[in-house]
Amino acid sequence: MTNSNAAAVILAAGKGTRMKSSLPKVMHAIAGRPMIGHVLASLAPLGCDPAVVVVAPGMDRVARAVAPAPTAIQAEQLGTAHAVLAARNALAGFAGDVLVLYGDSPFISTETLQRLLDRRRAADDPAVVVLGMRPDDPAEYGRLVLAGDGTLDAIVEFRDADPAQRAIDLCNSGVMAIDGRRLFDLLDQVGNANAKGEYYLTDIIAIARARGLVCAVVEAPAEELMGINSRVELAVAEALFQDRMRARAMAEGATLIDPRTVYFSHDTRLGRDVVIGPSVVFGPGVTIGDEVEIRAFCHIEGARIEDGAIIGPFARLRPGTELGPRVHIGNFVEVKNGRLGAGAKANHLAYIGDASVGAASNVGAGTIVCNYDGFDKTRTEIGAGSFIGSNSTLVSPLQIGDGAFVAAGSVITRDVPADALAVARGRQTDKPGWAGKFREYKQEMKRSSGATGKKG
Ligand code: UD1
Ligand code: MG
């Protein structure tokens with residue numbers, strides 16, 4: 001859905017010095033997705049076109065991460081008004097409503113943005129609608145100064161505020177909806193004669209009011225408008241987001257035995273009656289069917305798990321894993337780019353990399369698929385109903401037919417036909433009486449060395 005009546009400008013050019021990072025601040029991840037990705041995801045249902053991300057020179061990683069959203073470069077960081085001006089070309093000829101957001105405030109919701117747009121389109125036709133909040137600690141946020149009728153008169157930055165203004169608890173979140181027909185006229189009036197010597201976006205309120213235009217405030221919960229400036233705040237945001245995802249997973253029908261120890265990715269999808277044990281970590285790209293049990297201490301990313309599977313404890317599922325219905329993956333089993341058909345089992349200590357295992361097959365303890373020769377990765381295909389004995393080494397590329405057996409301890413280097421037994425190991429020989437003779441010989445050696453006083 002596109003919305004030719006709304007565009008967005010996401011400010012992300014700030015240096016983020018407090019992160020002490022070579023990574024641009026908005027690329028730091030929450031639940032496996034960069035902050036800027038969270039903002040764009042909340043924005044997406046509104047269909048803003050364009051949604052321009054303002055970055056500083058050299059932030060190519062941000063440009064790549066947000067594509068196909070366009071970026072505009074703010075050559076120098078001279079303030080939030082100056083940053084919006086960087087999007088002037090991208091918005092040329094646009095006369096709808098412009099949302100301004102911050103790339104480092106990842107929790108803004110779609111509903112809140114929609115409320116801002118709705119207020120902007122109300123009958124009194126406000127030039128600017130500002131998203132306000134009342135945080136427990138208003139700290140150094142800009143303060144919203146209201147007129148007697150509840151409309152917005154001005155935003156005063158903390159450093160420029162007098163004590164009476166600092167006592168106001170209604171704060172500027174930074175997010176705004178602005179009439180696109182007036183935006184650049186207002187911005188062109190902004191100067192930098194203030195405590196920071198910056199071009200403040202917040203000054204457009206007083207400028208609009210001086211022209212007799214209406215400005216308005218919409219309020220949203222402070223948690224939604226949290227900005228992230230440091231690693232500590234990043235960790236706080238991660239914890240908040242994880243709590244929300246845990247609550248949602250349980251509300252949608254999953255059992256989390258110890259919710260505080262389960263870590264989700266932003267895109268984890270769970271079916272009904274999934275049971276997740278303690279200390280389970282989900283990376284990006286996991287989809288889980290109904291009635292799946294994930295036992296304690298599993299790490300799962302890039303995996304699709306179908307109904308009724310049992311995973312873990314201590315399993316590692318890596319990208320490209322596809323597990324059919326009722327598959328069992330047990331302790332210390334790693335699967336990468338591997339597919340197991342319905343009811344297949346690998347219950348102990350195995351590596352299944354670049355491989356497929358047919359339905360109802362059993363992969364014994366200690367089986368290793370040798371998928372890499374130091375240069376290339378190759379595949380092993382194991383048929384349905386086959387049995388791979390314990391401690392087998394399967395040297396890829398290989399085809400093991402349906403119903404085949406591989407004897408325990410084999411090193412398999414050639415294809416195994418369907419229904420065959422492959423044995424590839426040293427043959428066992430028994431030497432009757434050997435052990436007794438060996439013991440006698442050792443004892444005799446000890447006695448004779450004791451006689452000469454030598455110690456071994
Ligand atoms: C701003 C607001 C303040 C509000 C607060 C909410 C102004 C003048 N002040 O203050 O009223 O309470 O946010 O968090 O707008 N950015 C650029 N280019 C720049 C400067 C900033 O892209 O030249 C971006 C930053 O990356 C950041 C956002 O704009 O995402 C806000 O900038 P920041 O310097 O954090 O503004 P504050 O001083 O916090
Ligand atoms: Mg800030």
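Both ligands and their constituent atoms are indexed starting at 1 by order of listing.
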Atom 21 (C) of ligand 1 sits nearest the protein heavy atom Thr80 CG2, 3.8 Å
Test of understanding: given a 4.0 Å heavy-atom threshold, classify the contact between Lys196 and ligand 1 as side chain, backbone, both, or neither.
side chain
Pull out every atom of ligand 1 sitting under 4.0 Å from any heavy atom of Ala83, numbered as shown with elements.
17 (C), 18 (N), 22 (O)
Using heavy-atom distances only, which candidate in Glu157, Glu140, Glu76, Lys25 approaches atom 10 (O) of ligand 1 most closely?
Glu157
Has ligand 1 got any nitrogen or oxygen that is less than 3.5 angstrom from a nitrogen or oxygen of Asn172?
yes
Can you tell me if Gln114 and Asp118 form a side-chain donor-acceptor pair at under 3.5 Å?
yes
Between Asp125 and Arg120, does any side-chain N to carboxylate O distance fall below 4.0 Å?
yes
Taking distance alone, with N or O pairs closer than 3.5 Å, would you say Gly14 contacts ligand 1?
yes
Any N or O of Tyr141 closer than 3.5 Å to N or O of ligand 1
no
Salt-bridge criterion met for Asp104 and Lys25 (N-O under 4.0 Å):
yes
At under 4.0 Å between heavy atoms, which part of Ala12 makes contact with ligand 1: side chain, backbone, both or neither?
backbone
Could you check atom 24 (C) of ligand 1 against the protein and tell me its nearest heavy-atom contact, residue, atom and distance included?
Leu11 CB, 3.7 Å
Report the nearest protein non-hydrogen atom to atom 27 (C) of ligand 1: residue, atom name, distance rounded to 0.1 Å.
Asp104 OD2, 3.8 Å
Within a distance under 4.0 Å of any heavy atom of Tyr200, pick out the atoms of ligand 1 and give their elements.
8 (C)
Residue set satisfying salt bridge (charged side-chain N to carboxylate O under 4.0 Å, His left out) with Arg246, at least two apart, ordered chain then number -> Asp243
Donor-acceptor contact present, side-chain His28 to main-chain Leu234, <3.5 Å:
no
What protein heavy atom lies closest to atom 1 (C) of ligand 1? Include the residue and the distance to one decimal.
Tyr102 OH, 3.2 Å
N/O to N/O below 3.5 Å, does that happen between Gly103 and ligand 1?
no
Does the pair Glu334/Lys336 count as a salt bridge with the N-to-O cut at 4.0 Å?
no
Does the distance from a Lys or Arg side-chain N to an Asp or Glu carboxylate O, for Arg272 and Asp290, drop under 4.0 Å?
no
Heavy-atom check, side chain of Asn192 versus side chain of His82, under 4.5 Å:
no
Side chains of Ser396 and Thr380: do they bring a donor and an acceptor to under 3.5 Å?
yes
Using modelled atom types and a 3.5 Å cut-off, is there a donor and acceptor pairing between side-chain atoms of Thr321 and backbone atoms of Val335?
yes
Tell me which protein heavy atom sits closest to atom 18 (N) of ligand 1, plus the residue, atom name and distance to 0.1 Å.
Gln74 OE1, 2.7 Å
Would you mind telling me if ligand 1 is within reach of the side chain of Leu78, the backbone, both or neither, using heavy atoms under 4.0 Å?
backbone
Side chain or backbone, does Thr202 bring an N or O within less than 3.5 Å of an N or O on ligand 1?
no
Which residue supplies the protein heavy atom nearest to atom 22 (O) of ligand 1, what is that atom called, and how far is it?
Ala13 N, 3.0 Å
Among all protein non-hydrogen atoms, which one is nearest to atom 20 (C) of ligand 1, and what is the separation to 0.1 Å?
Gly79 C, 3.7 Å
Of the side chain and backbone of Cys171, name the one, both, or neither that has a heavy atom under 4.0 Å from an atom of ligand 1.
neither
Assess whether a salt bridge exists between Arg260 and Asp258, defined as any Lys/Arg side-chain N lying under 4.0 Å from an Asp/Glu carboxylate O.
yes
Partner residues of Glu198 under the side chain to side chain contact (heavy atoms under 4.5 Å, CB included) criterion, sequence neighbours left out
Lys196, Tyr200
